[in-house]
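Below is one structure; the comments refer to it alone.
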Amino acid sequence: MIKETALFPQQVYQIANDIRDMKIRGAGRIAKAAAEALKIAAESYKGEDLEDFKRYIKEAAKLLTSTRPTAVSLPNAVSWVLKALNTNVSTLQAAREAVINQANSFIQYADQALRKIAEYGEKMLRDGDTVLTHCNSLAAISVIVEAHKKGKKLHVFATETRPMYQGYITSEMLLKEGVNVTLIPESSVRQIIRKVDGVIVGADTVAANGAVVNKIGTSLIALAAHERSVDFFVATETFKFSPYTLIGDIVPIEFRPPSEIVGVDFLKSHPNLRILNPAFDVTPPDYITGIITELGIIPPKAAAIIIEEMYGRPVISSEILGRVEEDIS
Ligand code: RI2
């Protein structure tokens, strides 16, 4: 539970808790929720001092980015909104409006990006294709649904995605749109892949070298697809590209509680059992056919160009310098 003080309205803590507990989940949805939380924080600020307001918004930003470590969409969305404080705002009212406008512009961008991804991505699917998807990615689902709406008859294999079973959500979403779905355990992928024409998954983070960090199990699916020369696409908004990786940062992989894997009673009766529950893995660029973004479909190795265009050439941060010094000493 995130410690609540009187600082932010309850809704902001609620969003932070819901992201941490995965009640709000999916890299794009997390990012939009964080922008929404900053907007709520700005709207409900009760003080009267501009500098204090800036500190308050930065504190809210810190709270939100601390909730989950892997999806870079979260800090990227927060940075997008914080840009409001770098503009020449000289009054509290102007700063408040700037934060609200930036948050709204991020949410709007995210919605438009999904529509563009659907438009570009559906062209990769042919009538009669069998597609495999993993976990629950709105970006991947938007591509499949768009192709379905264009009249292409598809069959989708959705993996259960243990331990949190996001594959159930994917199945429900696709069935609602009238798409044929078969739910499979992810351990069956190498058996099933022979029936598959293409794989489409989402992303939590895309690194500068084109490697994709996504739900645990993704890299095994990519390996199976690679073995049989099955196309493997990643559908993602460009705000999941990590500027930090351009200067050598490693994407942190989230390890979640053992209780997501085994029941409390089993844990109690086997105190010496160690349980690891990594939530994400890394798929190397060589296993990825293309990355479907709102800017078009790019080869994974072009990720660095997109990052540079969006975020500029990064200056080495003091944090990174600090880390380097620590390593040397
Ligand atoms: P969209 C999810 O992470 C999955 O890894 C999914 O592929 C990715 O976010 C992207 O989802 P989690 O929050 O943004 O379930 O495409 O751990 O919806």
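Whatever order the structure lists them in is the order used to number ligands and atoms, beginning at 1.
Counting only N and O atoms by type, the side chains of D18 and Q14 include a donor and acceptor under 3.5 Å apart. Using a 3.5 Å distance cut-off with no hydrogens or angles, the side chains of Y109 and E294 do pair a donor with an acceptor.
Protein residues with a heavy atom closer than 4.0 Å to ligand 1 are M22, R25, G26, A27, G28, R29, R68, C135, N136, S137, L138, A139, Q166, G202, A203, D204, N214, K215, K240, F280, listed by chain and number.
Residue I216 shares its hydrophobic cluster (ILVMFWY side chains chained together at separations under 4.5 Å) with no other residue.
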Can you give me every donor-acceptor pair (side chain of residues 115-123, partner residue at least two apart or in another chain, under 3.5 Å) with its distance?
from, atom 1, to, atom 2, distance (Å)
E122, OE1, K152, NZ, 2.7
K123, NZ, E119, O, 3.3

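In this structure, A225 and F232 approach most closely via the heavy-atom pair CB-CD1, 4.3 Å.
Not counting sequence neighbours, H270 has no partner by the side chain to side chain donor-acceptor pair (under 3.5 Å) test.
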